[in-house]
Amino acid sequence: MIGARAGRWTWFRRVAARAMAGELSAFVVPGPEIALAHGLDLRSAGVVVAETPRHASVLLLVGEIPTGLGRAASVAYAQMPRPRAVLALGVADVSALPPPDVSAPLEQSGLVQGVEGVRRWLSTFAWSTEATAFDTEAVGTETRYTCPMHPEVVQDRPGKCPICGMDLVLREEAGTPHGHHDTSGRHGGTEQAESGRTEYSCPMHPEVVQDEPGTCPKCGMRLEPREGAEHAGHGPTEREGSEGGHRDGGEQGDADHGSMQHGGFMSMVMMTKDLPRSDDGLPMEWVEAPFGPLFPGLPGGLALVLTLDGDTVAEAQVRPGTTSRTLEEGWRCPADDLPDRLASLDPLSPASYRLLALRALEAAAGVVAGEERERARAGALERERAASHLDWLAQLGHLLGLRWLVERAGELQHALVTAKGASDISSARDGSAKMVGRLERTPLLEARLRGAGFLHSDRREELRGPVGRAAGRASDARCGDPVYRKLGFEPVVREGSDALSRLRVRLAEIGQSLDLALAAGSSELSPSPMPHDVSGHGSASVETPRGEATLSVHLTGGEVTHVVLTTPSERHVGLVGAVAEGREVSDALLGIASLDLSPWEVDR
Amino acid sequence: MTSPSYVLLFALGLYVVAVLEGWASTGRLRLARPLRAGVALLGRETVTPRRPDRVLYETAPVLLLAAGLLAAAVLPLDRGAVSVDLATGVLFVNSALAYVMVGLVMAGWAPGGAYSLVAGWRFLGQLVAYSMLIVMPITAVAMRAQSLSTTAAVSSQVHLWNLAAQPLGFALFFLAAMAVCFLPPFDLPVSSDLAGGVAGEYTGARLAVVRLARVALVLTLSLAVVVFFLGGWLGPVLPGWVWTFVKTIAVAATMLVVGRLVPRLREEQVLAWGWKYGIPLALVNILWVGLTLLGVR
């Protein structure tokens, strides 16, 4: 019983367990946007989405969980206070996590059934005498005790230093994400390799840093241990300083002339003289903080590391690999299987990639899909685009603190994903027109978004999809398509190249796509009849909701032998630094969100 | 009004505000929600950050709650019904509320996590923006009452509520009060773009205290708006405490709902607007009140 609290049932615990069952809050992995894309309506199932694992009682796993994401989920699980349950919807076993307490199929009825199951689980197993601790490699801690005077003395339990008799102090060792990392929540496993390294530095000359103990070449003072680069952070450094305070009482009284760690007086100028300067000229200690891969408001799986200078982002990096699944090997397969396999690339836009595979195969075989079929395909593609933009809008609503937008966009997205026919789509169209109207009338929204995520015009050529069209670039793979020409398609282009113009492009495209989907009549992705044992080469491109994706395939005797895929998110992921650096945190996050990156397209 | 009934009325107010907060944040009005959520939190494990600043971590939620309750202690619920009738009550409200900032910065700093740290700083920035807009409208109220006592502030409104006498002061104070309670759109310290911010590191019973403290703040600030601008207990037919209660809940509901219609503000926007527009307007308000007082005389 890993999720249970240790102890026997008492009357209060029974009452509390019943209360918990009624107030379920779930931390969703990979993220609420994936749940929406799979057509799940969490709200109507009685689940509140928690912003942090600390406030969640259920870890809700949705769809495929790649290994890297599984590790991140195990960290989130370890942070959830017990009693905590794992509800897995359509997930095979995730190795880093304990087996799910409740499993259900990946559909709305499965969700409802799963939530019932979690409620029953809580009222049966919230407390158990057989509760055991959860240990995951990803949060493994190595606690060591060391002498503040003699760093070479290290042991695994408290005691006294054999050399000087001082009390040993606690130190957490390599392989340990701690300080900001464990407390601030979501991090993947990747940063652990670098974190927690102990280095030695001179208290007077911080630029002197080496890996082993010794004396400072400038002043001859003994170098002091400190934790590595990850720990230049604000909080922990201070506290380690207070532990280091012991030292002053010891032999080394002469060290007591300056360093903050010694509690003596130090002027602001001295204290900050070696700290990095940002554009505003205010020196502060920089804190490196992980945002993602499970950060609410950012796409699940996108692992960012932001270096914060106060609340300004000094540096933004993307840590790749969270959603790696070794998919590409699977793409060398019989030609008939490729569409299915490519469709599983990105849970946020499966139809686009299925269509891309169909078109590339047809090009290789020299087959022309008739106009009727292409029309239906355009219908499916446009429906997905509208749904994807709505999903993005719900995420934006989360970052902006507009709860109504999160709900309304989510409802419309759900309606669209589950739509049966033209009447459902046209009612979703009316609903989204109303929502867009309300959003445009929202006071202060323009002031909030204008300028956030701005990209300079010299990057314009790199931009694709809505991000490119918001920079005045009419780049759209649909422009040359005869079917679209017949449907009267004109790309939506706006100027500004910031979060506001990207929002406007997507808002206009929601309406446009639904109109196109209605005009196309049907929405279906059917393969054209293809000859067997085709050999040849073909390439195709599709305007996915995030921009143009291209695929070229080589076929040999009906087998796919070579695949080259480029996706819009691969291009755009390099823009993260440009939209985030030098910005205040919330602006940086808005800017990154406005790019609508899909980590699934980046790591395969 | 006796002290047990005073406490009971305040507790009832807390519960009603908690119900309203649940309604504003989830869109569903459920009467049992605060009780159930509270019991559920008490039943959950307490997870503390690995190496918190223990003293700050443990005291911050309590301090936050204490700040709200202390400020409420000098606010009258009815004629003669005030727990501590300080001659300088108006000033005391302001000084008690200063501890809200201290509590939040402590809670942000203590866990040693980047999200909560940034969230705590943001509130510090927010305080610089709103604090003058708490003090200056209160000054104008005290000018009209010719007294720093909160009961005198109510008595001065017998003929005309301050809402009508100094509408500008009311608007500024109302917005500043929302910023003190870190309600949307001023919810920078607990914002969803920092994974819960300051509250994100608290679990179990401590989280319950943090949430209760926020509810207490909303109730206290609504009560302050009622006492300073909406005539406190003044009203026809019904007993005074009923009027106070009804007005306070109405103000709290408005505070909880209106902010959710606009996006969360950026810290530097709050600062810029607070200083560029808020403070000059507050000065105009003081000038206006001074002139009307001269005119009346």
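Letters go in sequence order (proteins before strands), and every chain restarts at 1.
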Original post:
If you count heavy-atom pairs under 4.5 Å between each of B:T46, B:L188, B:L261, B:L35 and chain A, which one has the most?
Top reply: B:L261

**OP:** Name the region of B:L194, side chain, backbone, both or neither, that has any atom closer than 4.5 Å to a heavy atom of chain A.
**Re:** both

Original post:
When you measure from the side chain of B:S116 to the backbone N and O of B:G108, does any donor-acceptor pair fall under 3.5 Å?
Top reply: yes

Subject >> Centroid separation B:Y57 to B:Y202 less than 6.0 Å >> reply: yes

Subject >> Verdict with supporting geometry, A:R408 and A:L439, side-chain contact (heavy atoms from CB on, under 4.5 Å) >> reply: CA-CA 11 Å; A:R408 195 70 197 111; A:L439 197 58; over 6 Å; no

Original post:
Is it the side chain or the backbone of B:R28 that comes within 4.5 Å of chain A heavy atoms, both, or neither?
Top reply: side chain

Original post:
Parallel under 30°, tilted from 30 to 60°, perpendicular over 60°: which one fits the rings of B:Y130 and B:F123?
Top reply: tilted

**OP:** Counting only heavy atoms closer than 4.5 Å, note whether B:V118 contacts chain A via side chain, backbone, both or neither.
**Re:** side chain

Subject >> Winner by heavy-atom pair count (cut-off under 4.5 Å) against chain B, out of A:A21, A:G297, A:A126, A:S57 >> reply: A:S57

Original post:
Relative to chain B, which segment of A:S25 carries a heavy atom at a distance below 4.5 Å: side chain, backbone, both, or neither?
Top reply: neither

Subject >> Contact class of A:L589 relative to chain B, heavy atoms under 4.5 angstrom >> reply: side chain

Subject >> Interface moiety of A:A17 toward chain B, non-hydrogen atoms closer than 4.5 Å >> reply: neither

Original post:
Hey, is the main chain of A:P81 close enough, under 3.5 Å, to the side chain of B:R44 for a donor-acceptor pair?
Top reply: yes

Original post:
Just wondering, more than 12 heavy atoms not from B:Y99 lying within 6.0 Å of its OH?
Top reply: no

Original post:
Please walk me through it: do A:R43 and A:E407 pass salt bridge (charged side-chain N to carboxylate O under 4.0 Å, His left out)?
Top reply: CA-CA 9 Å; A:R43 211 165 109 83; A:E407 279 169 16; 3.3 Å; yes

Original post:
Looking at B:A18 and B:V215, what are the two nearest heavy atoms and their distance?
Top reply: N-CG1, 3.9 Å

Original post:
Do any of residues 203-214 of chain B come closer than 4.5 Å to chain A, heavy atom to heavy atom, and if so which ones, in number order?
Top reply: B:T203, B:L207, B:R211

**OP:** Check whether A:L399 gets within reach of chain B through its side chain, its backbone, both or neither, counting any heavy atom under 4.5 Å.
**Re:** both

Original post:
Hey, is the main chain of B:A199 close enough, under 3.5 Å, to the side chain of A:H55 for a donor-acceptor pair?
Top reply: yes

Original post:
chain A heavy atoms under 4.5 Å from B:A32: which part of the residue, side chain, backbone, both or neither?
Top reply: neither

Original post:
With no hydrogens and no angle check, do the side chains of A:D309 and A:T312 hold a donor and an acceptor under 3.5 Å apart?
Top reply: no

Original post:
With a cut-off of 6.0 Å (strictly less than), are more than 12 heavy atoms of other residues, nucleotides or ligands near OH of B:Y277?
Top reply: no

**OP:** Go through A:L444, A:L298, A:V48 and name the one with the most non-hydrogen pairs under 4.5 angstrom from chain B.
**Re:** A:L444

Original post:
When heavy-atom pairs shorter than 4.5 Å are enumerated against chain B, which of A:E584, A:M20, A:R403, A:M80 gives the highest number?
Top reply: A:R403

**OP:** Sort out for me which of B:E267, B:R122, B:Q269, B:E45 touches chain A most, counting heavy-atom pairs under 4.5 Å.
**Re:** B:E45

Original post:
Is it true that the side chains of A:R448 and A:S586 contain a donor and an acceptor less than 3.5 Å apart?
Top reply: yes

Original post:
Checking A:A56 against chain B: side chain, backbone, both or neither under 4.5 Å from a heavy atom?
Top reply: backbone

Subject >> Among B:G259, B:A37, B:P184, residue most engaged with chain A (heavy-atom pairs, under 4.5 Å) >> reply: B:A37

**OP:** Measure the acute angle between the ring planes of B:Y115 and A:F291, then classify it against the limits of 30° and 60° as parallel, tilted or perpendicular.
**Re:** tilted

